Chemist: 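Dumping the structure here so I can ask a few things about it.
Scope of the values below: all heavy atoms of this structure, side chains included, with no hydrogens, waters or symmetry mates. On a predicted model such as this, the values are computed, not experimentally measured, just so you know. Each chain gets a letter, A, B and so on, in the order its sequence line appears, and its residues count up from 1.
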Amino acid sequence: MAGAPRAQGSAGEPVRVPVWDGFVRLFHWSLVATLATAAASGFFGDATWVEVHLWSGIAAAALVALRVLWGFLGPTHARFGDFLAGPKAMRAHLRGLLSGGGVRHRGHNPLGGAMVLALLLVVALLAATGTIALGGVLKSGPLAFATSFATGWELRGLHRLLAFLLLGLIALHLAGVLVESRRSRENLVLALVDGRKEARAGDHPPAPRRARPVVAALLGGGLLAVSAAAVWSFAARPGLGVPSAPLDPTYAEECSACHVAYHPSLLPRASWATLMAGLDDHFGENASLDPETAAAIAAYLQANAAEAYDTKAANRLRRVAAERPFSITATPFWRRTHAGLPEALFASRPVGGRGNCEACHGDARSGRFDPTAIHVPEETTP
Amino acid sequence: MRLPTILLAVTLVATAGLALAASPVRQAILDGYAKEAGVAAFSAERGKAFFEASHAGGKPETPSCTTCHGMDPRMPGRTRAGKAIEPMAVSANPKRFTDSAFVEKWFKRNCDSVLGRPCSAAEKGDLIAYLSSL
């Protein structure tokens with residue numbers, strides 16, 4: 001509040017009183033770190049960054065859960081009751097702002113409080129949509145057993161929108177901090193480091209509340225432990241539409257003679273039928289089989305083609321290139337996802353060709369193609 | 001080394017060598033081709049020439065056996081898709097030519113890929129003779 005007289009200490013210095021407790025400060029800067037990591041890996045990382053993105057997101061969600069608890073059990077200025085203002089108080093605050101006056105809040109002012117709520121809410125929604133997207137698209141995490149690829153993909157879009165919304169809110173939040181720092185002539189960032197702010201005459205009188213750290217720690221610990229156990233047990237369920245059976249032995253034997261045995265879920269039925277009908281001219285080689293073996297393999301491929309599964313690979317590789325209908329590496333999706341990898345890498349000894357999925361995908365045989373199983377070999381001379 | 005030890009060693013090496021040279025199944029496969037071709041013996045030399053030659057008539061991607069098996073049959077080869085192929089020479093890979101269905105399957109495929117026609121019994125016999133002689 002401009003021009004308000006400051007409370008003076010005995011030496012004439014303004015008295016700086018505790019405002020932000022240790023947990024609130026730790027929470028704030030940890031959230032900054034985890035969200036920065038999640039945003040960087042989400043916006044700029046390729047599939048191999050998924051794990052970093054996941055763990056930073058999980059950490060942010062856990063922090064938000066604990067902060068909500070602390071909003072009911074923390075000390076004075078940590079409580080929601082201290083900074084969540086009703087519409088009347090909000091209007092009064094806005095009027096004060098516009099008239100260049102207004103009361104100084106030692107904790108969050110009503111606008112700042114609304115921002116805190118919005119930020120917590122959007123991070124929580126990001127965690128929820130992220131978990132559904134993870135379950136549906138990558139068939140991993142607690143919702144993999146119940147989420148289709150289509151649902152997961154839609155939620156992934158929403159997750160992206162929320163991420164942009166969060167960036168917008170963070171920009172507003174920083175602008176608000178800057179404006180309020182100038183308006184009240186105090187360093188609000190420093191206050192979030194040492195936890196103290198000046199006590200000034202005319203401050204909005206806080207309603208002092210005692211923190212309940214033991215109850216909060218017990219509840220918080222319990223909440224995290226129960227959530228972790230629930231997530232873990234749900235995540236152990238088999239994913240919806242994820243292949244679980246090992247490859248048919250005859251197929252694995254006959255079709256891995258010249259290259260890796262491609263999982264049948266990597267091409268649609270029509271492609272497998274065309275491929276099996278032309279084994280005597282198979283990519284410039286004769287790969288013919290005796291009729292019984294060929295029939296058995298063709299039946300196995302039809303029963304387990306891309307249409308029979310719901311993994312990302314099965315969904316995406318269903319769309320084949322018209323001119324090369326049974327080339328996995330010619331599909332638009334394959335070309336797009338592998339466009340960033342250098343030609344020399346595919347030609348190198350340890351890889352030996354685009355079609356050698358197993359060189360980079362540890363789980364290629366299972367048909368999963370989980371990004372966390374990607375390990376690209378060190379490039380060596382061909 | 002004492003005499004009995006040396007004798008034992010010699011016997012062991014000799015039996016191992018014999019076993020390699022004359023797996024009964026491999027001999028039976030060779031005998032079958034000999035009967036079909038109407039010849040008494042095969043030529044390892046002709047087999048070598050056949051193995052290393054560039055043939056016309058097959059698919060352009062695979063002009064020669066060596067396209068995938070390499071010039072030295074004692075070394076592993078490499079398919080066009082980049083997968084290793086175990087050595088063809090019996091000395092390096094004693095399992096070679098001991099399963100007639102397997103042998104026929106691959107002659108059927110690879111003769112068509114490389115030559116654009118089935119191999120004759122004489123060509124098959126010469127080739128096995130060459131790959132057993134290394």
Chemist: Identify which part of D281(A) has an atom lying under 4.5 Å from any heavy atom of chain B, answering side chain, backbone, both or neither.
Modeler: both
Chemist: Under 4.5 Å heavy-atom distance to chain B, tell me which part of A359(A) shows up: side chain, backbone, both or neither.
Modeler: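 For A359(A), neither part sits under 4.5 Å from chain B.
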Chemist: Tell me, yes or no, whether the heavy-atom count around E307(A) atom CD, taken from other residues, nucleotides or ligands under 6.0 Å, exceeds 12.
Modeler: yes
Chemist: When you check the gap from the basic side-chain N to the acidic O, do K83(B) and E358(A) get nearer than 4.0 Å?
Modeler: no
Chemist: Does a sphere of radius 6.0 Å around CZ in R335(A) hold more than 12 heavy atoms from other residues, nucleotides or ligands, not counting ones at 6.0 Å or beyond?
Modeler: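 Counting other residues, nucleotides and ligands, CZ of R335(A) stays at 12 neighbours or fewer.
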Chemist: How far apart are the closest heavy atoms of D280(A) and D112(B), and which atoms are they?
Modeler: O-OD2, 3.9 Å
Chemist: K108(B) versus chain A, heavy atoms under 4.5 Å apart: side chain, backbone, both or neither?
Modeler: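 The answer is both parts of K108(B).
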Chemist: Quick check: are there more than 12 heavy atoms from other residues, nucleotides or ligands sitting under 6.0 Å from CZ of R237(A)?
Modeler: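 Yes, because the 6.0 Å sphere around CZ of R237(A) holds more than 12 heavy atoms from other groups.
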Chemist: Take atom CH2 in W55(A); do more than 12 heavy atoms of anything else shown fall under 6.0 Å from it?
Modeler: no
Chemist: For R160(A), does the CZ atom have more than 12 heavy-atom neighbours from other residues, nucleotides or ligands under 6.0 Å away?
Modeler: no
Chemist: How close do G284(A) and T62(B) get, counting heavy atoms only, and between which atoms?
Modeler: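 That would be O-OG1, 4.2 Å.
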Chemist: Just checking heavy atoms, which of residues 39-59 of chain B are less than 4.5 Å from chain A?
Modeler: K59(B)
Chemist: Would you call E285(A) and R109(B) a salt bridge, taking side-chain N to carboxylate O under 4.0 Å as the test?
Modeler: no
Chemist: Who wins among C258(A), G355(A), A257(A) for the most heavy-atom pairs under 4.5 Å with chain B?
Modeler: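 With the most close heavy-atom pairs to chain B, the winner is C258(A).
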